[in-house]
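Presented below is the structure to which this report refers.
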Number of protein chains: 2
Amino acid sequence: MATKAKTRAGTRNPSRPRDRAATRARILRATGELLAAQGFAALGVNAIARRARVDKVLIYRYFGGMEALLAAYAEEGEFWWSVDDLLGVDLPPPERDGAAAWLALALRRHVGWLRTHPLTMEILSWEMVEPNRVTERLAEVRERRSMALIGRLLGRFPAPAELDVAALSALLGAASNYLAIRARATRLFNGLDLGRRGDWDRLFDMVERIGAALLDPT
Amino acid sequence: MATKAKTRAGTRNPSRPRDRAATRARILRATGELLAAQGFAALGVNAIARRARVDKVLIYRYFGGMEALLAAYAEEGEFWWSVDDLLGVDLPPPERDGAAAWLALALRRHVGWLRTHPLTMEILSWEMVEPNRVTERLAEVRERRSMALIGRLLGRFPAPAELDVAALSALLGAASNYLAIRARATRLFNGLDLGRRGDWDRLFDMVERIGAALLDPT
DNA sequence: TTGCATTGTCACCGATCGGTGACATAGAAT
DNA sequence: ATTCTATGTCACCGATCGGTGACAATGCAA
């Protein structure tokens, strides 16, 4: 209608050189940025294309659609800690030694890692609402890494044979995830103020106490 | 354009009698139904009006908008258990007596209550993503009821003075919520299968064990 | 009976959504 | 130089979104 669309199509802008690989990468990067900045509710072809400054049709051409884009995104990213991020030899050990102290320290670092990786927290909360290729993939990696972490701790501090280690770590891991995710938006939970350092300390002290009661030799 | 809109407006349908209060109630009921059925992502004026078979403009007229509708909805609903739902005198007591057994039983019933109240679980997950009037209101109620629950248990089984009861219950409550919400969509967590009764039992056994170690007289 | 506020219906607005078909251009192969 | 394909641009589709203005019917007050 109006005075527009003279050149009609093609590379109308002086624009960047054509480069499929680079464009693909732009799209993937924009996906992560958008997810971190706006959350999964805002994720969609239009929003991603806009952010990547790319035409949305290329998302369909290069990935095949939203679902497939998420799958590709899941493949190329690193969304979870490695065991060394939590227990690495260059990290300071706990003040007291022993299984309980190491357990509490690992959980502390787990929560700290989450708080510095909002993208991962976003995916974790996504997983609770509508699982998808990205969250599935993250869940797999997480399962493996968690097992490795537990294995490492058990190697150093053998647990009582009758102790259900999986149940214990599931309990503590679930609590950590919940509180970390929830703390982004709401500070109070069960009388604790998750915005305060000290209240987190109380939680980790409790973890250590539980560990001491169940793990350390009497 | 077409052959429609002869009568133009008003009560075109034979329709129901005009009744502001009833219409308000329809809207509120539809809000809850939609939330339970589709989740908070699907919640909006259009969807609610459609479900309530009511014109959406009435939502603006009677409530003032989405935000205010949520506030009103939060006021008229009951979204959390009462202490008696978990510890009522007509419910069977645990097989063994003692603080740990009661603690585990309470958490068991807490999770059971959640699983039979999908609307509450929906709100709980909502709260982790985008807090609003409904989730705030639920959080208040929950805080009060949790305190009452803990108070009742402590009244029966006084805890060691130096035990941080708030931290302990926060840990266990957080874990319960996380696992209950998550289990709707994903069964596996940390090697446990939340679709299986037995694996939940392992978790509650662990709770009882923790309780025994920290609460029961040595 | 007349007037009037309440209740409800409808059409429409601009924005955004996921998705597609048509076309222009660049760059390599021939 | 010519052809061809991969790459990117654009316009448009129907559906849905939140939101509003205009109007018809109801029923009560005067």
Side-chain angles (χ1 to χ4, degrees), chain A residues 1-28 30-31 34-35 38-71 73 130 132-133, chain B residues 1-28 30-31 34-35 38-71 73 130 132-133:
Chain A
M1 286 290 179
T3 71
K4 49 184 317 186
K6 309 303 290 295
T7 329
R8 187 60 182 75
T11 306
R12 189 172 101 314
N13 290 336
S15 74
R16 51 181 169 276
R18 300 184 167 194
D19 184 338
R20 174 170 185 148
T23 302
R24 254 188 71 106
R26 290 174 65 89
I27 294 173
L28 288 171
T31 302
L34 198 59
L35 190 53
Q38 313 265 38
F40 57 85
L43 216 56
V45 271
N46 286 303
I48 292 175
R50 208 178 304 125
R51 174 141 201 153
R53 301 182 138 290
V54 147
D55 196 284
K56 64 178 171 179
V57 80
L58 301 182
I59 292 179
Y60 294 97
R61 281 232 269 269
Y62 294 162
F63 297 94
M66 198 60 215
E67 168 81 359
L69 168 58
L70 290 182
Y73 177 68
E130 41 171 38
N132 56 65
R133 303 293 288 269
Chain B
M1 289 287 182
T3 71
K4 51 184 316 186
K6 308 303 291 293
T7 329
R8 187 61 181 76
T11 306
R12 189 174 103 311
N13 290 336
S15 73
R16 52 183 169 275
R18 301 186 166 193
D19 184 338
R20 173 171 185 146
T23 303
R24 254 189 71 106
R26 290 176 65 88
I27 294 172
L28 288 171
T31 302
L34 197 59
L35 190 52
Q38 315 266 31
F40 57 85
L43 215 58
V45 269
N46 287 303
I48 291 175
R50 210 178 302 127
R51 174 141 203 152
R53 300 183 139 290
V54 147
D55 197 283
K56 64 178 172 179
V57 79
L58 301 182
I59 292 178
Y60 294 97
R61 282 231 268 267
Y62 293 162
F63 296 94
M66 197 60 215
E67 168 80 358
L69 168 57
L70 290 182
Y73 176 69
E130 41 170 38
N132 56 66
R133 303 292 288 268

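A, B, ... follow the sequence lines: proteins, then strands. Residue 1 opens every chain.
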Give me, pair by pair, the N or O atoms of the protein and of nucleotides 16-18 of chain C that are less than 3.5 Å apart, along with how far apart they are.
unit_1: dC17(C); atom_1: OP2; unit_2: R50(A); atom_2: NH2; d: 2.4
unit_1: dG18(C); atom_1: OP2; unit_2: V45(A); atom_2: N; d: 3.4
unit_1: dG18(C); atom_1: OP2; unit_2: N46(A); atom_2: N; d: 3.1
unit_1: dG18(C); atom_1: OP2; unit_2: N46(A); atom_2: ND2; d: 2.8
unit_1: dG18(C); atom_1: N7; unit_2: N46(A); atom_2: ND2; d: 3.2
unit_1: dG18(C); atom_1: N7; unit_2: K56(A); atom_2: NZ; d: 3.2

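At a threshold of 4.0 angstrom between heavy atoms, the contacts of V54(B) with the nucleic acid are absent.
Within the model, atoms CD1 of I27(A) and CG of L69(A) stand 7.0 Å from one another, a figure rounded to the nearest 0.5 Å.
One finds a side-chain N or O of T23(A) lying less than 4.0 angstrom from the OP1 or OP2 phosphate oxygen of dG8(D). For dT26(D), neither phosphate oxygen OP1 nor OP2 lies less than 4.0 angstrom from any side-chain nitrogen or oxygen of R18(B). An OP1 or OP2 oxygen of dT6(C) is reached within less than 4.0 angstrom by no side-chain nitrogen or oxygen of Y62(B).
Residues R24(B) and F63(B) are in side-chain contact: their nearest non-hydrogen atoms beyond the backbone lie under 4.5 Å apart.
Residues meeting the side chain to side chain contact (heavy atoms under 4.5 Å, CB included) test with V45(A), sequence neighbours left out: I59(A), Y60(A), M66(A). With sequence neighbours excluded, the residues that form a side-chain hydrogen bond (donor to acceptor under 3.5 Å, both in side chains) with N46(B) are K56(B).
Checked options L28(A), D55(A), L58(A); the residue passing with T23(A) is L58(A) (criterion: side chain to side chain contact (heavy atoms under 4.5 Å, CB included)).
Rounded to whole Å, the distance from CG on D55(B) to P on dG21(D) is 15 Å. A straight line from CZ of R61(B) to P of dT9(C) spans 10 Å, rounded to a whole angstrom. Straight-line distance from the CG atom of L58(A) to the C1' atom of dG19(C): 14 Å, rounded to whole Å. Between the CG atom of D19(B) and the C1' atom of dT6(C) there is a distance of 12 Å, given to the nearest Å. In this structure, R20(A) atom CZ and dG27(C) atom C1' are separated by 16 Å, rounded to whole Å.
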